[in-house]
Amino acid sequence: MRLDRFLGNLPCYNRQQVRLLLAQGRVRVDGVATADPLLEVREFSRVAVDEQVLQAGHPARYLMLHKPSGCVSATQDPQHRTVLDLLPAALRDELHIAGRLDYNTTGLMILTNDGQWSRRLTQPKTKQPKTYLVHTEDEIGAHYVERFREGFYFAFEDLTTLPAQLDILGPRSARLTIVEGRYHQVKRMFGHFQNKVVALHRESMGSITLDPILHPGEFRALTDAEIASV
Ligand code: URA
């Protein structure tokens with residue numbers, strides 16, 4: 001919400017007072033004095049007038065996890081271990097998953113409590129690349145490359161997938177970069193050739209790459225640069 005509306009919605013100030021407070025430089029957002037009525041105030045922002053804190057803001061959390069195989073990309077599951085079970089209880093509150101992975105898929109998983117940020121990372125329209133290492137049951141033909149670029153029609157969603165880049169690494173392995181995250185997308189793309197994906201590992205999302213120091217099941221906080229890259 002814009003700053004002037006945030007202040008105006010409080011019972012203590014009318015619109016004229018809000019204008020005056022801003023002009024006098026008495027309003028601080030995240031510790032910085034501002035006169036900008038249009039500045040975005042979020043649930044994470046700390047807002048103060050003089051020494052009075054109007055909203056403490058709760059801390060935004062951004063984590064990368066090396067998802068192991070055999071764990072569900074959900075915050076709760078009655079049967080299986082979930083990715084949240086891999087985090088200490090104190091960190092789990094209000095986290096959601098930015099881009100799910102299948103039960104047996106491994107690799108980069110990002111968890112955050114910042115919905116705006118995670119939407120920028122996952123929405124197809126922002127075209128943030130997601131890179132996967134794929135191993136298949138049968139050989140990957142050279143003709144696949146063009147088909148992945150052209151896109152595949154997914155009848156269930158009634159859409160054609162956006163151009164994807166397939167780099168063939170070996171007879172049964174490839175690196176695939178897609179900009180969407182449709183349900184079982186990679187498996188369905190290879191399914192077009194009746195070629196079963198036997199192992200799938202996500203290496204990166206946008207410019208965030210799985211940290212090689214993380215073993216399966218380990219996590220770390222994203223750096224400021226990684227957060228700002230989205
Ligand atoms: N595509 C899939 O088919 N599975 C995943 O886990 C991720 C992308």
Side-chain angles (χ1 to χ4, degrees), residues 1-65 73-76 83-84 87-101 108-131 157 159 162 178-183 185 202 204-209 211 219-230:
M1 182 192 299
R2 10 189 296 194
L3 179 57
D4 58 350
R5 298 220 172 112
F6 171 87
L7 294 168
N9 285 347
L10 298 170
C12 41
Y13 304 119
N14 61 34
R15 275 164 57 182
Q16 198 183 347
Q17 288 168 317
V18 168
R19 271 200 297 274
L20 201 60
L21 288 171
L22 287 168
Q24 291 170 334
R26 292 168 59 194
V27 182
R28 274 176 298 124
V29 176
D30 295 330
V32 180
T34 179
D36 181 2
L38 302 181
L39 191 83
E40 178 79 356
V41 173
R42 307 190 53 208
E43 63 206 288
F44 308 112
S45 315
R46 181 182 175 85
V47 185
V49 170
D50 302 328
E51 295 316 309
Q52 190 190 2
V53 177
L54 303 175
Q55 174 176 280
H58 63 266
R61 265 169 293 141
Y62 308 87
L63 305 175
M64 77 157 70
L65 168 78
S73 280
T75 48
Q76 285 181 0
V83 286
L84 278 202
L87 304 176
L91 282 183
R92 289 181 205 159
D93 204 24
E94 293 179 352
L95 285 186
H96 63 266
I97 296 160
R100 289 167 190 274
L101 292 175
L108 177 65
M109 168 139 284
I110 293 180
L111 297 117
T112 178
N113 59 350
D114 185 345
Q116 246 179 51
W117 183 89
S118 66
R119 274 192 293 282
R120 283 204 298 278
L121 185 62
T122 54
Q123 273 179 357
K125 71 172 183 213
T126 60
K127 299 227 169 54
Q128 294 270 345
K130 286 98 192 167
T131 301
E157 295 93 337
L159 57 82
L162 292 167
I178 57 177
V179 293
E180 303 145 287
R182 308 283 172 202
Y183 182 65
Q185 179 160 345
R202 185 158 62 198
S204 63
M205 298 180 77
S207 53
I208 305 174
T209 299
D211 192 327
F219 71 95
R220 71 157 169 81
L222 293 190
T223 64
D224 289 347
E226 285 167 338
I227 298 165
S229 73
V230 175

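These figures come from a predicted structure and were not determined experimentally.
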Open item on the list: Measuring from atom CG of L111 to atom CG of L84, what distance do you get when rounded to the nearest 0.5 angstrom?
Closed with: 6.0 Å
TODO: Assess whether atom CZ of R5 is packed by more than 12 heavy atoms of other residues, nucleotides or ligands within 6.0 Å.
DONE: no
TODO: Return the minimal non-hydrogen interatomic distance between Y183 and E157, and the atom names on each side.
DONE: N-OE2, 4.4 Å
Task: Exercise: identify the closest heavy-atom pair between Q128 and L121 - done: CB-O, 3.6 Å
TODO: Answer yes or no: is there a donor N or O on one side and an acceptor on the other, between the side chain of R28 and the main chain of D50, under 3.5 Å?
DONE: yes
Task: Qualifying salt bridge (Lys or Arg N to Asp or Glu O under 4.0 Å) pairs, either residue in residues 31-48, two or more places apart - done: R42-D114
TODO: Looking only at non-hydrogen atoms, find the nearest pair between R100 and A74 and report the distance.
DONE: NH1-CA, 3.7 Å
Task: Spacing of CG belonging to L39 relative to OG belonging to S45, to within rounding of 0.5 Å - done: 7.5 Å
- [ ] Answer whether the closest heavy-atom distance between the side chains of Y13 and L54 falls below 4.5 Å.
- [x] yes
TODO: Identify the two heavy atoms, one from E226 and one from I208, that lie closest to each other, and give their separation to 0.1 Å.
DONE: O-CD1, 3.6 Å
Open item on the list: Is it the case that the side chain of R61 and the backbone of E94 share a donor-acceptor pair, with hydrogens and angles ignored and the cut-off at 3.5 Å?
Closed with: no
Open item on the list: Keeping S118 on the side-chain end and A98 on the backbone end, is there a donor-acceptor pair under 3.5 Å?
Closed with: no
TODO: Heavy atoms only: give me the nearest L162-E180 pair and the separation to one decimal.
DONE: N-OE1, 3.0 Å
Task: Separation between CG of L38 and CZ of R2, rounded to the nearest 0.5 Å - done: 5.0 Å
TODO: First locate atom CZ of F219, then atom CG of L91, and finally report the distance between them rounded to the nearest 0.5 Å.
DONE: 5.0 Å
Task: Residues V230, Y62; criterion side-chain contact (heavy atoms from CB on, under 4.5 Å); working and verdict - done: CA-CA 12 Å; V230 175; Y62 308 87; over 6 Å; no
Task: Closest approach of F6 to V41 (non-hydrogen atoms, all atoms of both residues) - done: CD1-CG1, 3.8 Å
I'd like a table of donor-acceptor pairs (distance under 3.5 Å, sequence neighbours excluded) in which one partner is a side-chain atom from residues 15-24, with atom names and distances.
{"residue": "Q17", "atom": "OE1", "partner": "N14", "partner atom": "N", "Å": "2.8"}
{"residue": "Q24", "atom": "OE1", "partner": "R26", "partner atom": "NH1", "Å": "3.0"}

Open item on the list: Among I110, L222, L87, exactly one meets side chain to side chain contact (heavy atoms under 4.5 Å, CB included) together with L63. Which residue is that?
Closed with: L87
Open item on the list: Please report the interatomic distance OG1(T75) to CG(L95), rounded to the nearest 0.5 Å.
Closed with: 9.5 Å
Task: Note, H58 side chain near F44 side chain (heavy atom, < 4.5 Å) - done: yes
Task: Flag, side chain of H96 to backbone of T112, donor-acceptor distance under 3.5 Å - done: yes
TODO: With rounding to the nearest 0.5 Å, note down the distance linking CE in M109 to CE in M205.
DONE: 7.5 Å
